[in-house]
Protein chains: 2
Amino acid sequence: MESRCESCIIRQFNSLRAMSKEELKEVSDSKTIKKVKKGDPLFEEGDKLNGVYCVRNGVSKLSKLSANGKDQIVKLATKGEVIGQRSVISEESANLSAIAVNDMEVCFIPKETIINTLQKNPNFTLEVLRHMAHDLKEADDVIVNISQKTVKQRIAEAFLYLKNNFGEDEEGFLALTLSREDISNVVGTATESAIRIISEFKKKGLIHASGKKIGIKDERKLQELVEGF
Amino acid sequence: MESRCESCIIRQFNSLRAMSKEELKEVSDSKTIKKVKKGDPLFEEGDKLNGVYCVRNGVSKLSKLSANGKDQIVKLATKGEVIGQRSVISEESANLSAIAVNDMEVCFIPKETIINTLQKNPNFTLEVLRHMAHDLKEADDVIVNISQKTVKQRIAEAFLYLKNNFGEDEEGFLALTLSREDISNVVGTATESAIRIISEFKKKGLIHASGKKIGIKDERKLQELVEGF
DNA sequence: TTTAAAATATGATATTTATCAGTTTCCGTT
DNA sequence: AACGGAAACTGATAAATATCATATTTTAAA
């Protein structure tokens with residue numbers, strides 16, 4: 001697997017594309033590649049981060065534990081996304097935990113390299129800003145969805161989101177397989193409630209499932225459900 | 001009222017403090033002061049913004065309308081805060097509506113001035129980035145709160161938030177007076193539910209009210225409620 | 001000041017969602 | 001293949017919240 005940032009394709013998808021050749025060289029020289037096993041944390045809420053993580057492979061959930069012991073998943077980060085930049089920029093400890101949903105390969109980039117470039121290269125800073133603006137919009141939309149839509153609508157929406165953002169495998173199942181508990185934590189509901197609604201969707205022919213794997217059968221009806229029919 | 005940005009105190013609170021003298025002059029020359037009456041919009045969801053708004057006075061709610069006709073308030077912006085930067089940076093139409101909660105005075109700064117400075121002054125860009133990082137953290141926290149806390153807890157939290165961020169008047173009432181409907185839209189619940197819980201808080205001596213005005217009587221108990229007792 | 005409209009308030013009820021308890025299925029390990 | 005534990009599932013019930021109806025109070029306008 002290619003290990004020089006300069007020739008890394010993933011870079012095209014994130015703010016690192018705004019870096020100069022020299023800056024990329026610095027990143028490449030200072031980065032380390034890490035493998036993270038399914039279920040293991042990249043970092044946890046409250047940790048002080050010494051750098052950011054660029055996802056090469058796999059998916060990480062960004063979540064926060066609440067007083068009652070339930071996790072709320074705020075975002076799913078996949079190939080090409082950079083995790084931990086918010087904490088590094090704000091110079092605060094991590095607000096969220098990042099846990100591998102499946103086996104991952106990530107590049108760890110020390111914060112000095114990032115901060116250095118932020119101070120020198122306005123294009124890079126602007127690019128990071130654009131990404132953060134996008135994340136903020138998404139977060140605002142999640143707020144509106146959670147508070148205004150029913151659990152059923154949110155689960156339907158989650159399936160459509162998974163299809164659009166992670167695609168399907170050869171057999172037509174969602175490429176990203178989440179446990180029922182993870183689904184309930186994305187949607188912000190009790191696990192049993194999520195399971196019940198998933199069963200209902202199966203009975204109604206909106207989705208089909210084989211073990212954990214879920215496939216979308218009737219995208220239009222799911223979409224209608226989201227919009228409130 | 002002072003109208004040159006160079007000597008505007010409000011600037012200290014937002015990212016404009018990272019501007020150079022020349023840049024501030026440009027802002028000052030291109031800006032226009034607007035008065036917005038209570039209930040009137042600065043802009044609405046879907047509008048293309050030609051600039052950003054810097055709040056001199058008053059408070060604006062940033063909200064989004066959902067399919068069922070209810071607004072969800074995502075943020076309250078007050079003196080010193082800049083509104084609309086996300087849309088300008090992403091070059092997208094506004095994701096949220098900004099409506100004056102009380103009479104406001106704002107400075108409108110054309111986007112060209114902002115974009116210009118973003119491209120030239122890395123310190124300014126970094127400062128904007130830091131503010132956006134802060135907003136993103138707050139948005140993530142709202143997501144967790146809405147999905148994990150009960151309506152009662154969220155209302156208690158909202159009152160504490162109002163006290164901490166907007167203060168109290170001479171008589172000990174919250175300085176920012178919101179209608180019951182606005183409170184329910186901050187918290188993400190039905191207006192009647194919010195009213196019911198506010199009545200309960202009054203009966204229990206946690207707050208007192210005179211018309212719309214609400215005062216906090218027992219901050220400790222409210223805080224305990226938020227934490228789940 | 002009067003008056004109408006809007007906001008607040010409260011009760012009754014329906015709906016949604018969570019919780020608890022228990023069963024079944026799946027899956028990795030020995 | 002057998003075992004054991006975790007995840008998935010289902011039912012019964014409780015709790016939280018929304019909705020509808022209506023009364024009361026406040027506010028703003030004539």
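To find a chain, count down the sequence lines: A is the first, B the second, and so on, and within it residues start at 1. For clarity, every value in this text was computed on a predicted model and none was experimentally measured.
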When you check the gap from the basic side-chain N to the acidic O, do [X] and [Y] get nearer than 4.0 Å?
{"X": "B:Lys204", "Y": "B:Asp218", "result": "no"}
{"X": "B:Lys61", "Y": "B:Asp182", "result": "yes"}
{"X": "A:Glu219", "Y": "A:Lys163", "result": "yes"}

Close side-chain approach of [X] to [Y], heavy-atom, < 4.5 Å:
{"X": "A:Thr78", "Y": "A:Asn165", "result": "no"}
{"X": "A:Arg86", "Y": "A:Ser90", "result": "yes"}
{"X": "A:Met104", "Y": "A:Val59", "result": "no"}

- Item | Spacing of NZ belonging to B:Lys137 relative to CG belonging to A:Leu96, to within rounding of 0.5 Å |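 B:Lys137 atom NZ to A:Leu96 atom CG measures 9.0 Å (nearest 0.5 Å).
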- Roughly how far, to the nearest 0.5 Å, is CG of B:Asn185 from OG1 of B:Thr191?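 Interatomic distance, B:Thr191 OG1 to B:Asn185 CG, rounded to 0.5 Å: 6.0 Å.
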Original post:
Should the heavy atoms of other residues, nucleotides or ligands under 6.0 Å from NZ of A:Lys202 be counted, would the total exceed 12?
Top reply: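 Check passes, neighbour count above 12.
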Could one point to a donor on the side chain of B:Arg154 or the base of D:dT17 with an acceptor on the other under 3.5 Å away?
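Answer is no: no donor-acceptor pair is held.
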inquiry  = At 4.0 Å (heavy atoms only), tell me whether B:Lys70 reaches a base, stays on the sugar-phosphate, or touches nothing.
reply    =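 No contact.
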Per-nt protein contacts along nucleotides 22-30 of chain C (heavy atom under 4.0 Å; B base, S backbone sugar-phosphate only, - none) come out as ---------
Rounded to whole Å, please give me the gap between [atom1] in [X] and [atom2] in [N].
{"X": "B:Asn102", "N": "D:dT27", "atom1": "CG", "atom2": "C1'", "answer": "17 Å"}
{"X": "B:Gln153", "N": "D:dA15", "atom1": "CD", "atom2": "P", "answer": "16 Å"}
{"X": "A:Ile155", "N": "C:dA18", "atom1": "CD1", "atom2": "C1'", "answer": "13 Å"}

Please work out which residues in residues 174-195 of chain B have a non-hydrogen atom less than 4.0 Å from an atom of DNA chain C and list them by number.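 Output list: B:Ser179, B:Arg180, B:Glu181, B:Glu192, B:Ile195.
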Ring geometry between B:Phe166 and B:Tyr161 (parallel below 30°, tilted from 30 to 60°, perpendicular above 60°):
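Aromatic pair B:Tyr161/B:Phe166 classed perpendicular.
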Five-pair end axes of the helix from C:dT1-D:dA30 to C:dT30-D:dA1 and the angle they enclose, rounded to 10°: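 Overall, the helix from C:dT1-D:dA30 to C:dT30-D:dA1 bends by 50° from one end axis to the other.
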Phosphate OP1/OP2 of C:dA9: any B:Lys202 side-chain N/O under 4.0 Å:
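Yes, within the criterion.
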Can you tell me if A:Asn14 uses its side chain to pair, donor with acceptor, with the backbone of A:Gly80 under 3.5 Å?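 Here the side-chain-to-backbone pair exists.
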